[in-house]
Amino acid sequence: MEKNHVIELLPEYLDNLLNETQKKKVEAHLKDCKSCSQELDDLKILFEAFDEEKVNTPSDEVRTNFFEQIELEKQNNTKVVSLDSAFVQRKNNWTNNLLKIAASIVLLIGAYFFGQQQQEQISGKEIAQLADETQAFKQTAMLSLMGNKSASKRIQGVNFIEEFSEPDEAIVSALADRMLNDENTNVRRTAVEVLSEFTTSETVKNSFIKALKTEKDPGIQITIIQVLGKMQEKKAAASMQYLLEQDDTQPYVKEELESVLPNII
């Protein structure tokens with residue numbers, strides 16, 4: 001088993017989805033390949049991180065401060081008031097104690113939320129770091145699938161774009177490469193459909209225009225023509241005219257070109 005194929009099987013290996021023959025081959029490979037073994041360890045850490053749920057609780061310092069404040073209030077409130085004290089004095093003492101209690105409550109609440117905020121900030125940083133690592137793992141998985149020898153795996157890799165809310169330029173360029181150069185028609189067609197969702201990208205626009213001169217499948221040609229027509233991309237006019245003039249261009253493709261070209265010239 002070649003090293004560059006083991007990584008693709010690791011998620012299924014961890015989920016125990018491989019058949020016995022595949023499992024033995026993977027395990028035999030892992031014994032001799034440090035790179036794949038490290039990848040397996042990273043996957044385990046990532047999967048374990050998803051299963052863990054951290055609960056925010058007040059730190060030990062906040063808890064200690066809380067009980068110290070309670071003890072301090074107990075000591076302050078143990079003063080004996082004479083039974084024959086004047087009513088005004090009793091009223092003043094009651095008011096002062098009430099203000100102290102209120103102040104203590106405010107202090108405790110403030111301390112609690114301050115501690116909670118600090119913990120949330122720490123948790124936020126950890127979550128952001130984990131999100132970055134997850135994004136990098138997804139990108140590696142997608143690019144690996146798109147480079148697979150199996151056409152079905154490459155299609156799976158192209159469709160993996162759904163895992164990204166904002167794919168970066170490396171992913172868009174890899175998809176464009178599949179659209180322009182993949183030997184399998186279904187892979188190219190899937191790449192066109194996916195890229196049609198990212199027409200604001202200059203890379204996507206230029207790739208569609210280039211594909212008009214290289215793509216030979218009529219169905220894909222029509223899809224690209226329709227996408228560029230919807231965008232009203234004027235830079236596509238020359239490539240459309242070129243395709244229209246080719247003898248091997250299918251009649252119904254030429255009809256589509258003739259209906260779209262006047263709207264973008």
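- Closest of all the heavy-atom pairs between Ala151 and Asn184 is CB-ND2, 3.6 Å.
- No continuous path of ILVMFWY side-chain contacts below 4.5 Å connects Leu17 to Leu30, so the two sit in separate hydrophobic clusters.
- Of the inter-residue distances, the one linking Leu180 atom CG with Asn206 atom CG reads 10.5 Å to the nearest 0.5 angstrom.
- Put simply, NZ on Lys24 and CG on Asn19 are 10.5 Å apart, with the number rounded to the nearest 0.5 Å.
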For side chain to side chain contact (heavy atoms under 4.5 Å, CB included), just list the numbers for Leu212 and Tyr242, CA-CA rounded to whole Å, side-chain angles, deciding distance to a tenth of an Å, and then say yes or no.
-> CA-CA 8 Å; Leu212 286 176; Tyr242 168 85; over 6 Å; no
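- Looking at heavy atoms from C-beta onward, Lys216 lies in side-chain contact with Asp248 at the 4.5 angstrom threshold.
- For the residue pair Tyr13 and Gln22, no side-chain donor N or O sits within less than 3.5 Å of a side-chain acceptor on the partner.
- Gln226 is not listed as a side-chain neighbour of Val260, based on a closest heavy-atom distance of 4.5 Å or more.
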Is there a side chain to side chain contact (heavy atoms under 4.5 Å, CB included) between Lys25 and Leu18 once you walk through the steps?
-> CA-CA 10 Å; Lys25 287 183 179 180; Leu18 299 178; over 6 Å; no
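- Ion pairing between Arg188 and Asp217 fails under the 4.0 Å rule for side-chain N and carboxylate O.
- Using a 4.5 Å heavy-atom cutoff, the side chains of Ile264 and Glu233 are not in contact.
- Listed here is the closest heavy atom pair of Leu257 and Pro262: O-CD, 4.4 Å.
- You'll find the side chain of Met146 reaches within 4.5 Å of the side chain of Leu175, heavy atoms only.
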Please lay out, stage by stage, how Glu202 and Lys205 fare under the test salt bridge (charged side-chain N to carboxylate O under 4.0 Å, His left out).
-> CA-CA 5 Å; Glu202 288 299 321; Lys205 292 179 183 178; 3.5 Å; yes
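- Between Phe208 and Val192 the shortest heavy-atom distance is CZ-O, 3.9 Å.
- When atom types are taken as modelled, the side chain of Thr223 and the backbone of Gly219 share a donor-acceptor pair closer than 3.5 angstrom.
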Start with the C-alpha distance between Leu244 and Thr249, add both sets of side-chain angles, then the distance that settles side chain to side chain contact (heavy atoms under 4.5 Å, CB included), and finish with yes or no.
-> CA-CA 7 Å; Leu244 182 62; Thr249 301; over 6 Å; no
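- Closest heavy-atom contact between Leu228 and Ala236: CD1-CB, 3.8 Å.
- For the pair Ser196 (side chain) and Glu193 (backbone), a donor-acceptor distance under 3.5 Å is present.
- Note that OG of Ser37 and NE2 of His29 are 7.5 Å apart. Values are rounded to the nearest 0.5 Å.
- If you take CG on Leu243 and CD on Gln221, they are separated by 5.0 Å, rounding to the nearest 0.5 Å.
- Using modelled atom types and a 3.5 Å distance limit, the side chains of Glu169 and Thr203 yield a donor-acceptor pair.
- Legend: residues meeting salt bridge (charged side-chain N to carboxylate O under 4.0 Å, His left out) with Glu20, ordered by chain and number and at least two apart, are absent.
- Between Ile225 and Met240, the shortest heavy-atom distance links the atoms O-CE, 3.9 Å.
- Hydrophobic clustering, with ILVMFWY side chains joined whenever heavy atoms are under 4.5 angstrom apart, keeps Val158 apart from Leu145.
- Atom CD of Glu255 and atom CD1 of Ile222 lie 9.0 Å apart (nearest 0.5 Å).
- Residues Gln241 and Leu261 have side chains in contact (heavy-atom distance under 4.5 Å, counting atoms from C-beta outward).
- Taking a 6.0 Å sphere around NZ of Lys254, one finds it holds more than 12 heavy atoms contributed by other residues, nucleotides or ligands.
- Between Met179 and Val204, every side-chain heavy-atom pair lies at or beyond the 4.5 Å cut-off.
- What you find for Ser201 and Val172 is that their closest heavy atoms are OG-CG1, 4.0 Å.
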Check the pair Arg154, Asn186 against side chain to side chain contact (heavy atoms under 4.5 Å, CB included), reporting the backbone distance first and the verdict last.
-> CA-CA 10 Å; Arg154 296 201 298 277; Asn186 291 326; over 6 Å; no
